[in-house]
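Order of the sequence lines fixes the chain letters, A, B, ..., with proteins taken first and strands second; residue numbering starts at 1 for each chain.
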Protein chains: 2
Amino acid sequence: MLEQERTSDMDDRKKTILKAIVDDYVKTCEPVGSKSLVERYNLNYSSATIRNEMAELEEMGFLVKPHTSAGRMPSDKGYRAYVDNLLSLPEIPPEEEIAVRQFLTENLREAREMIERTAEYLAEKTNYLSVVLSPQYSDTSLEQIKIMMIEPGRAIVVLVLSPGVVHDRLIRIPSLIDEKDLNEIGQAIERCLTGKRLNDITLVTISSAAEDTELPEALVNQVLYEAYVAIKQTERIEVYIDGKYRLLKHPEFRDVDRASRFYDTMRQEQMVAGYMRELEQEEEIDAMKGLDTLEIIESAPGTLATRKDRPAYMVRIGQEIALNGMEDMSFITTTYRIGRRISGQIGVIGPKRMEYGNIISQISFVNRALSDVAEGHYTRGGDRLTLED
Amino acid sequence: MLEQERTSDMDDRKKTILKAIVDDYVKTCEPVGSKSLVERYNLNYSSATIRNEMAELEEMGFLVKPHTSAGRMPSDKGYRAYVDNLLSLPEIPPEEEIAVRQFLTENLREAREMIERTAEYLAEKTNYLSVVLSPQYSDTSLEQIKIMMIEPGRAIVVLVLSPGVVHDRLIRIPSLIDEKDLNEIGQAIERCLTGKRLNDITLVTISSAAEDTELPEALVNQVLYEAYVAIKQTERIEVYIDGKYRLLKHPEFRDVDRASRFYDTMRQEQMVAGYMRELEQEEEIDAMKGLDTLEIIESAPGTLATRKDRPAYMVRIGQEIALNGMEDMSFITTTYRIGRRISGQIGVIGPKRMEYGNIISQISFVNRALSDVAEGHYTRGGDRLTLED
DNA sequence: TCTAGCACTCGAACACTCCGAGTGCTAATT
DNA sequence: AATTAGCACTCGGAGTGTTCGAGTGCTAGA
């Protein structure tokens, strides 16, 4: 155990064998034996040799046996080594790029639809569960805020954030306030808050708007408070999950209890979201790794804008995931960016026995598409992207 | 088989036995035999007598045996007889009534939150899956419509329907239109549409608003079209499903393939919604039945408003459900009403082996609570209900 | 250093038995 | 005529034993 534990200590043959084992296990979900391995991957060694190597790989902690006379399967560490060093990332054909951009923006009205569709697309393509978080807007600024009377006692607040995102919310107001008063208060709020970062807006900031009007303070304060809540509401991260039911079709979910435990966790969406955001912050280091495997995508002339870099991704395998009921899952995440300030997370959750290469390609690809499309969409008039109409 | 098939042909003893069998099977999910039945429900007959009766009930089609030497379990027809004639509906304590009303309205802002919470509450209480459809608003009228500029090229349409429901939607408009033009168009639309039933608003109706302004027709038309889409959007029925994962905990979902097929169907929410609405229209007759078992709830002085009638409900059992993958489920639905014109559906889906009495009580109860609360909420100023603030 | 060969291991699959909770039927009892 | 006691019968489930084969580790020879 002490002698050698890191992947770098493996010779090429060990690497080939480990890769073959992971590939095979991912495909079949059955422990793989030395003989069938030699046959299926026509390795130029006898099964006995492979056996010896497998024994060593097991001792190094990359493989495990469910019982003595069974084949081997990858341990968490084995998957980890595979993901970090042995992975090949398939490319995604350029037609797909066009299709996805179209899918993300077609008939699009609200920003959140784009995120919903991202989740949908990813679940469809990977056949696993996808999670997409709406961006965190705390760092962006308020571009407009309008309050509109609906009827005595009720109004609607419409907020426009600097990247052009619109949120709104119904509020209750004192029935005594009439339309004219409300407009006055609205304008005071607007003067007071426009251009401020959401983060900087507090109850104190907003209450200074009260000084700006002649109306009775008690009335004004309630409106201010409601407006404040509406603003804070837009900072909340929305979670879009798609493909939950898909996991049921994978053999590791044969066991209903395990499935049930998993779903119990997934139901707590805010917790999952929180975990994803933590990951991003903690794992800038891992992110670098993503850049290691950087790959230059040659763009044929005339294709859509391509990028030289592949977005960083993070992979959490089995026990590495700090969420209940996820011990047999893997969680791949990546961060999409819209401009410099706005970012959110995209993730795929599947069994540990996952097609890592494929999923990572897909998630990176979707990340790029979403970032690009959203940026083009937000920076209206930008010429990098043509949307419908 | 020919001799007697209807429940009414059963003598009291048969009824008692059938009821006991259903109750027992619902509890244990195991075929129930004559001996254990006698013991558990201390019937005053020997197991042999029960055996004879069970044989007859089987011949009449109310019971089935999984194999020769096993106990009996209810057939679909057996459940049907149980639901139609043998059911006892537990009452729900008045404290619960207060609690639900509070839960449904606490911190409430948007109408759809109330529906979401209804679904949540029902799933929680029944431990099955709940479906709640938003009301169909086609028959209500448009009280207000406002269009507000967000930035060149984008605007927001806010609609207020007569029961005080607010919808909004972002739209794209020609970039040439400035705020003043937009307001003019908005007012024209308002003049043209206010007070009209949604059903009566068509592209033709709305286009008459164009005549009302001086602006270039091409520009106006696009806005009109977008406004039209926004209006039609509010007619769409939203589907809220909660407790999907809960079904996994029930033994009939041990079989993952069956579960998977079920979820494949449930994923098509619009189809499920369509089915529920069909049911309501077709089954006015069944609805009458619900009123048959009418029960007077004596209201202790000082409790919340109680009603004499129990809302009508419909039960669909097993094969009766015309949806794929639902052969082993039961579907209980009911229609909530807000005022005379607005109605929507509430449903619970669980295994055929369902606690019918309990679920029907719950769904009726929730129906009443939602109808009442919503009505109080919509008819603002109504004094039947006190909401927070 | 590799590989052929061999003894060994263990789970999956199948056959077999036993057990008990269930049945239907018949004859005796009320 | 209705009920019940009694009995032979059925059949799934749990338990046991056996076989089979794909896997292993180890050793000796190429």
*Quick one: do D76(A) and R316(A) make a salt bridge, cutoff under 4.0 Å?*
no
_Heavy atoms of other groups near K35(B) NZ, more than 12 under 6.0 Å_ = no
*Using a cut-off of 4.0 Å between protein heavy atoms and nucleotide atoms, how would you tag nucleotides 8-30 of chain D 5' to 3' with B, S and -?*
--BBS----------SBB-----
*Option passing side chain to side chain contact (heavy atoms under 4.5 Å, CB included) with I346(B) (candidates V131(B), T333(B), T334(B))*: T334(B)
*Nearest whole angstrom, please: distance from the C1' of dA2(D) to the CG of N44(B).*
15 Å
*asked:* If you take any heavy atom closer than 4.0 Å to DNA chain D, which residues from residues 19-29 of chain B end up in contact?
replied: none
*Under-4.0 Å side-chain N/O to phosphate OP1/OP2 contact, T49(B) with dT4(D)*: yes
*Partners passing side-chain contact (heavy atoms from CB on, under 4.5 Å) against E269(B) (at least two apart in sequence or in another chain)*: V239(B), I241(B)
_Within the 3.5 Å criterion, strictly below it, is a donor on D242(B) or Y121(B) matched to an acceptor on the partner's side chain?_
no
*Take atom CG of D257(A) as the centre, draw a 6.0 Å sphere, and report whether it contains more than 12 heavy atoms from other residues, nucleotides or ligands.*
yes
_Pairing donors with acceptors under 3.5 angstrom, does anything connect the side chains of Y41(A) and D23(A)?_
no
*Does the side chain of R13(A) get closer than 4.0 angstrom to OP1 or OP2 of dC2(C) through an N or O atom?*
yes
*Determine whether the side chains of R51(B) and S47(B) contain a donor N or O and an acceptor N or O closer than 3.5 Å.*
yes
